[in-house]
2 protein chains.
Amino acid sequence: MSANSRLTIAAHALAWIGLYQRQGHEVATSEQIAGSVNTNPVVIRRLLGDLRRAGLVESRRGAGAGWSLARELGSMTLLDVYEAVEPGPLFAMHRARPDQECVVGSGIQPALRGIYEGIEETLRRELARVTLEKVLDDVLAAPR
Amino acid sequence: MSANSRLTIAAHALAWIGLYQRQGHEVATSEQIAGSVNTNPVVIRRLLGDLRRAGLVESRRGAGAGWSLARELGSMTLLDVYEAVEPGPLFAMHRARPDQECVVGSGIQPALRGIYEGIEETLRRELARVTLEKVLDDVLAAPR
DNA sequence: GATGGTCGCAACCATATTTGTTACAACGAG
DNA sequence: CTCGTTGTAACAAATATGGTTGCGACCATC
């Protein structure tokens, strides 16, 4: 699948900010986070912007500015992050409209819509079971 | 997400062949299926080629050739189709290697790998619950 | 109020993926 | 032998994703 890495990068950034704050720091800069992720700071700002709109992080501007968590990592789940950074549905429908004169062509989209809906709901429930605190714990538990 | 439509098109094609065979026909051509899907026959042949390699359909060449089901629709699930047409994992890791000097950078991939694995397994179980026969039934039940 | 560090955002480029198209060889029923 | 179809390569077009540059807005500090 044309899988993208947005959920991964967003989780990485949140875990980084969370750990940084545990160490007593107020705010993290997009440049610091980009260093850990190994990408460009603008990529981080774009993603964190999505997370801010979803109420997961806050940003300060001006000198000594940066990003901080808006809520505890324990109250944030991968579903919150997923919904913040992934706009579309999991499975796409046809690019062009199927032949509506054909029984299958006219019925396939309603049929799949119902089926896909149920599957995505299960995926959401599963994502909602994982908190970002759990992610950070797993990160810290990984052998070096 | 860079959601693609392969699962959708493959399910459409299988439902079409299944219905066509129910109507007493032996084989369906990629051109007929492409007509219902509203795309190019080569796109259909490519996808059906994947399904053939997975043992879901068979093809005959020569004159009067075409495609037929290798198994009953009732014994085929969306998981079979998904595995046949979707190579990669659901969520991608970082494009570039994270900073291994950083605790988060070095631990994030192992952590997410474990978490993603469980989530994908749940998705698979859910896909496995839907047979292609159910898809066709839903297609035929859709109001015109 | 000037300075400097940082976010916010737009614009653009590079790359990768997906889908559509053309072309043609291989095949096999008739 | 002929004709209709698959199999596959090659390429084009469209879309998505991620990286980069540039610069205005903001604000803590001096």
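Chain A is the first sequence line, chain B the second, and so forth, proteins listed ahead of strands; every chain is numbered from 1. Note that the structure is predicted; figures quoted are calculated from it, not measured.
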Residue pairs passing the ring-ring contact (aromatic ring centres under 6.0 Å, His included) test with at least one member in residues 17-37 of chain A, sequence neighbours excluded, are A:Trp16-A:Tyr20, A:Tyr20-A:His25
According to a 4.5 Å side-chain heavy-atom criterion applied to Ile, Leu, Val, Met, Phe, Trp and Tyr, with indirect links allowed, do A:Val42 and A:Val27 form part of one hydrophobic cluster?
no
Contact check, residues 21-38 of chain A vs DNA chain C, heavy-atom distance under 4.0 Å, returns A:Thr29, A:Ser30
Residues of residues 9-20 of chain A with a heavy atom under 4.0 Å from any atom of DNA chain C, listed by number, are none
**B:Glu121 atom CD, over 12 foreign heavy atoms within 6.0 Å** = yes
Per atom distances to the A:Ser59 side chain, the nearest of C:dC7, D:dG7, C:dT21 is C:dC7
- Message: On the nucleotide D:dG19, are OP1 or OP2 found under 4.0 Å from the side-chain N or O atoms that A:Thr39 carries?
- Response: yes
Hey, does the side chain of B:Arg52 come within less than 4.0 Å of D:dG7's phosphate (OP1/OP2), counting only N and O?
-> yes
Confirm from the modelled atom types if A:Arg46 and D:dG19 form a donor-acceptor pair under 3.5 Å, side chain to base only. yes
Problem - side chain to side chain contact (heavy atoms under 4.5 Å, CB included) evaluation trace for A:Asn38 with B:Asp99 - result: CA-CA 6 Å; A:Asn38 188 14; B:Asp99 178 9; 5.6 Å; no
Heavy-atom contacts, protein to nucleotides 22-30 of chain D, under 4.0 Å, summarised as B (base), S (sugar-phosphate only) or - (none) per nt, yield --BBBBB--
Checklist entry - B:Arg45 and B:Ser30: side-chain donor and acceptor closer than 3.5 Å? => result yes
same_hphob_cluster(B:Val43, A:Leu112) at 4.5 Å side-chain heavy-atom cutoff = no
The bend of the helix from C:dG1-D:dC30 to C:dG30-D:dC1, taken between the axes of its five terminal pairs at each end and rounded to 10°, is 10°
Side-chain donor-acceptor distances from residues 55-63 of chain B under 3.5 Å, at least two apart:
| from | atom 1 | to | atom 2 | distance (Å) |
| --- | --- | --- | --- | --- |
| B:Ser59 | OG | B:Arg52 | NE | 3.3 |
| B:Arg60 | NH2 | B:Glu26 | OE1 | 3.0 |

**Report entry** Test item: A:Trp67 and A:Ile44 side chains (from C-beta on) under 4.5 Å apart, heavy atoms
**Finding:** no
Rounded to whole Å, CG of A:Asn40 lies from P of C:dG8 at a distance of 15 Å
Among C:dT21, C:dT18, D:dT5, the one nearest any side-chain atom of B:Ala65 is D:dT5
